[in-house]
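Single-structure report; data block below.
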Amino acid sequence: MSIPYLAQPEQQQKLEWLGGSTFSVLLDSAATGGRLTVGRFDAPRGQAPPFHLHTREDEVFMLIQGTALVWAGEQEYELSEGGIVYLPRNVPHGYRITSERADLLLIATPGGLEGMFRHAGRDMSTPRPEGFEIAEDALAAAADAYGQVVVGPPR
């Protein structure tokens, strides 16, 4: 049985992520009884994850601020502020930020996807090691451990 859970900003974990972006864990699977993960990206122009698919969860992105190109399968879409996209599991997808910065809300169900970000990302509440970068092998290990399949380079 689930109980209500409230996470104030100071309780949310902020992680350094790919390409100068950050990922904030707003609600994790522990807080939601495994039902969902809610997170928020702050990403600069050009940030793009590898073209990938999820084997365990469905994903929703809402673009709170900024613009982006989104690929789902071989379809390309322009996502503008307030736009939302549903990405079912096992459908290859990716995005590229086209505005100066973007603020994206992520919802994944069931929960657990936050584990991948925690596995390879850097908790920003700790001092940043000089020259820190997410190593490709750490990203590959995190993706593999959490059911992500990289099917191509960023688009």
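Keep in mind it's a predicted model, so treat the numbers as computed, not measured.
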- Query: Within a strict 4.5 Å, meaning less than it, do heavy atoms of the Ser29 and Pro110 side chains meet?
  - Reply: no

- Task: Mind listing the closest non-hydrogen atom pair of Gly152 and Pro50 along with its distance?
- Result: O-CB, 3.6 Å

- Query: Less than 4.5 Å apart, any side-chain heavy atom of Glu59 and any of Pro88?
  - Reply: no

- Query: Between Gln13 and Arg118, is any side-chain donor less than 3.5 angstrom from a side-chain acceptor?
  - Reply: yes

- Query: Can you find a heavy atom in the side chain of Val149 that is under 4.5 Å from one in the side chain of His52?
  - Reply: no

- Query: Hey, what do you get for CG (Asp123) to CZ (Arg128), rounding to the nearest 0.5 Å?
  - Reply: 13.5 Å

- Message: Restricting to side chain to side chain donor-acceptor pair (under 3.5 Å), what partner residues turn up for Arg89, sequence neighbours left out?
- Response: Asp58

- Residue list, ring-ring contact (aromatic ring centres under 6.0 Å, His included) with His119, at least two apart or on another chain: none

- State whether Glu57 and Arg35 are salt-bridged, where the test is any N-O pair (Lys NZ or Arg NE/NH1/NH2 against Asp/Glu carboxylate O) under 4.0 Å. no

- Task: Side-chain contact test, heavy atoms from C-beta onward, threshold under 4.5 Å: evaluate it for Asp28 versus Thr37 and give yes or no.
- Result: no

- Using modelled atom types only, decide if a donor and an acceptor are shared between the side chain of Gln11 and the backbone of Gln8 within a distance under 3.5 Å. yes

- Message: Tell me the closest heavy-atom pair linking Ala138 and Ala120, and the distance in Å.
- Response: O-CB, 3.9 Å

- Task: For Arg96, check side chain to side chain donor-acceptor pair (under 3.5 Å) against everything at least two apart and list the hits.
- Result: none

- Message: Using a 4.5 Å cut-off between side-chain heavy atoms of Ile, Leu, Val, Met, Phe, Trp and Tyr, which other residues end up in the same hydrophobic cluster as Ile97?
- Response: Leu15, Trp17, Leu18, Phe23, Val25, Phe41, Phe61, Leu63, Val70, Leu79, Val85, Leu87, Tyr95, Leu104, Leu106, Leu113, Met116, Phe117, Phe132, Ile134, Leu139, Tyr146

- Note on the structure: Rounded to the nearest 0.5 Å, the OG atom of Ser24 sits from the CD atom of Glu114 at a distance of 13.0 Å

- Message: What's the separation between atom CH2 in Trp71 and atom NE2 in His93, rounded to the nearest 0.5 Å?
- Response: 12.5 Å

- Atom pair CG/OG1 of Asp42 and Thr22 - distance to nearest 0.5 Å: 4.5 Å

- Excluding Leu26, membership of its hydrophobic cluster (Ile, Leu, Val, Met, Phe, Trp, Tyr; side-chain heavy atoms within less than 4.5 Å) reads Tyr5, Leu27, Leu36, Val38, Val60, Met62, Ile64, Ile84, Tyr86, Leu105, Ile107

- Item | Arg155, CZ atom: more than 12 neighbouring heavy atoms under 6.0 Å | yes

- Other residues, nucleotides, ligands: >12 heavy atoms within 6.0 Å of Glu130 CD: no

- Query: If you measure from OG1 on Thr67 to CD on Glu78, what distance do you get to the nearest 0.5 Å?
  - Reply: 8.0 Å

- Please tell me if the side chains of Leu69 and Glu76 come closer than 4.5 Å, counting only heavy atoms from C-beta onward. yes

- Message: Are the side chains of Arg45 and Arg101 in contact, using a 4.5 Å heavy-atom criterion?
- Response: no

- Message: Working to the nearest 0.5 angstrom, can you tell me the gap between Arg56 CZ and Asn90 CG?
- Response: 11.5 Å

- Message: Starting from Met124 and following side-chain heavy-atom contacts under 4.5 Å between hydrophobic residues (I, L, V, M, F, W, Y), which residues can be reached?
- Response: none

- Which heavy-atom pair separates Gly66 from Ser99 by the least distance, and what is that distance? CA-OG, 3.2 Å

